[in-house]
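Atoms within a ligand are numbered from 1 in the order they appear, just like the ligands themselves.
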Amino acid sequence: MSGRPLLNRRLNGLGTTIFAEMSALATATGAINLGQGFPDTDGPESVREAAVRALREGHGNQYPPGPGIPELRAAISDHQRRFYDLSFDPDTDVLVTAGATEAIAATMLALLEPGDEVIAFEPFYDSYAACIAMAGAKRVPLTLRAPSFRPDLDELRALINPRTRLLLLNTPHNPTGMVLTSDEQSAIAALAVEHDLLVVTDEVYEHLVYEGVHRPIAALPGMRERTVSISSAGKTFSFTGWKVGWVTADGPLIAAVRTAKQYLTYVSAGPFQYAVAEALRLPDTYFDNFRTDHRRKRDLLGDGLRAAGFEVYQPQGTYFITTDITPLGEKDAYAFCRALPERCGVVAVPNSVFYDNPEAGRSQVRFTFCKREDVLAEATSRLQHLASSTRDLEA
Ligand SMILES: *Cc1c(COP(=O)(O)O)cnc(C)c1O
């Protein structure tokens, strides 16, 4: 072999995702994993049974249609009308993907030219950086700063230049729990129209908003023809292993994204597509209870973290809480998270890895609350030892 590095330059530095690293640490130490955001109880029994039925009856066991099964595309279209009064033609404006992850990848690969700039909120969900890099484009961070994590719209305006092609939004935002307000969405939409930018919006936490409501930016004037909206069944129905996601957009945008998607997975999750079609038609009580349950869990974990000495940034959405460890006498989130399982049997994730500018998130640690209440109670009781063990170290 030549001395040339095997990993290409585009992916250099992307290494192993922090979720894999911290989940492996949780397994190795037996610690409670509040790092990776996956629920510890499965979604509705009726939906699980629908998947079993599809498998048994031979629905989706062979390659489903490229854009997704018609039943699911119709259910996605109806969901967008029911919750947001948005109308998408299931035949031309909806595409089923292997989770939101593939939707993000296919969208970036389809819409970006090498050298294009993509403005995204940092801290960012880690696949954004990788997908922008694989497309040969350049990410330009708009830093969300504690304690409110609200985007600075003057800063956004200043970042836009002739190379800017796309704004990559995420609301509710992982990891900070920030939810864009109507005013912010309107201002962002106005900038997109003024500068003729594409907008890609990751809305996988659309049903987990605790303060205010989720409003898709696609509904705003001038946005329909430039917006790609992405969501997924994983978070909303607590089946993250099924990897059923979707894109809704105008026909020409869907056609572009589909072109990339068909050479990534082509299709996936045949029988699960039938089950998710049923899930999307669950009554409002399902969605209301799902949100209420998670609000209670948010409050339980938030109270426990405050009592343990963390500074807690109250999330308006998602199933994550971002904290600051400075009050515990700690500075470095990454070192803190690596030591945490050993110190008290809990795993969390350092937000610093989600920043291009790690200083901005140096002392931030993210915990998930999509776990059973007894698990959250046990985790927070373990975390109460932190302040005293810090005092012991100092003594
Ligand atoms: C979990 C998550 C995804 C991935 O969704 P999948 O459907 O599991 O691929 C995408 N974006 C954000 C912000 C997430 O938190």
Side-chain angles (χ1 to χ4, degrees), residues 17-20 22-23 33-40 42-43 47 68 72 76 79 94-109 118 120-132 139 141 144 149 167-180 199-209 214 216-217 228-248 257 260-261 264-265 267-269 272-273 275-276 279-280 290 294 298 315-322 349 351 353-355 366-371:
T17 93
I18 191 71
F19 306 114
M22 291 298 158
S23 288
N33 190 355
L34 302 188
Q36 198 171 12
F38 60 87
D40 58 359
D42 287 345
V47 175
L72 177 54
I76 292 165
H79 170 276
V94 178
L95 176 66
V96 176
T97 56
T101 305
E102 187 194 33
I104 295 160
T107 302
M108 296 301 139
L109 290 170
V118 176
F121 299 140
E122 81 167 355
F124 13 58
Y125 182 64
D126 66 348
S127 90
Y128 299 167
C131 292
I132 294 167
R139 66 179 185 272
L144 305 179
F149 299 109
L167 304 179
L168 175 50
L169 308 179
N170 173 211
T171 182
H173 180 257
N174 174 6
T176 67
M178 183 276 295
V179 176
L180 288 175
V199 172
V200 175
T201 169
D202 176 344
E203 306 186 344
V204 301
Y205 297 101
E206 60 186 310
H207 289 290
L208 286 175
V209 174
H214 174 72
I217 200 166
V228 174
S229 305
I230 293 172
S231 197
S232 155
K235 309 293 161 58
T236 297
F237 301 109
S238 302
F239 288 114
T240 59
W242 289 9
K243 298 296 288 189
V244 177
W246 52 86
V247 181
T248 49
V257 175
K261 182 261 177 321
L264 293 173
T265 57
V267 292
S268 57
F272 297 129
Q273 292 192 28
V276 172
L280 285 165
F290 180 65
H294 282 81
R298 174 195 68 169
Q316 296 132 29
T318 75
Y319 44 47
F320 303 107
I321 294 182
T322 287
V349 161
N351 279 15
V353 301
F354 304 134
Y355 287 84
R366 188 194 83 174
F367 294 85
T368 183
F369 51 85
C370 62
K371 306 291 174 183

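In E102, neither the side chain nor the backbone holds a heavy atom less than 4.0 Å from any atom of ligand 1. Contacts with ligand 1 closer than 4.0 Å are made by side-chain heavy atoms of D202 only, the backbone lying farther away.
Between Y128 and ligand 1, not a single N/O pair is under 3.5 Å apart. Considering both main-chain and side-chain atoms, V244 never comes within under 3.5 Å of ligand 1 through any nitrogen or oxygen pair.
A cation-pi arrangement is absent between K235 and F38 under the rule of less than 6.0 angstrom and at most 45 degrees off the ring axis.
Judged by the shortest distance from any of its heavy atoms, S232 lies inside the 4.0 Å radius around the atoms of ligand 1.
Considering only non-hydrogen protein atoms, atom 2 (C) of ligand 1 sits nearest to K235 NZ, 2.5 Å. Shortest contact from atom 5 (O) of ligand 1 to any protein heavy atom: A100 CB, 3.5 Å. Of all protein heavy atoms, the one lying nearest to atom 8 (O) of ligand 1 is K243 NZ, 3.2 Å.
Of the candidates T97, N170, T101, D126, it is T101 that places a heavy atom closest to atom 9 (O) of ligand 1. Across Y205, F124, F239, heavy-atom proximity to atom 15 (O) of ligand 1 is greatest for Y205. Atom 10 (C) of ligand 1 has its nearest heavy-atom neighbour, among F320, Y125, F19, W246, in Y125.
Closest non-hydrogen pair, T368 versus N33, comes out as CG2-O, 4.5 Å.
Between atom CD of residue Q316 and atom OH of residue Y205 there is a gap of 15.5 Å, rounded to the nearest 0.5 Å.
Between Y128 and Y125, the ring planes lie perpendicular to each other; the angle is over 60°, past the 30° to 60° tilted range.
Looking at L208 and T318, their side chains never come closer than 4.5 Å, going by heavy atoms from C-beta outward.
Remark: side-chain polar atoms of R139 are not paired, donor with acceptor, to backbone N or O of A120 under 3.5 angstrom. Between the N174 side chain and the T176 main chain, no donor and acceptor come within less than 3.5 Å of each other.
Just one residue in the list E206, E203, H207 forms a side-chain hydrogen bond (donor to acceptor under 3.5 Å, both in side chains) with H214, and that residue is E203.
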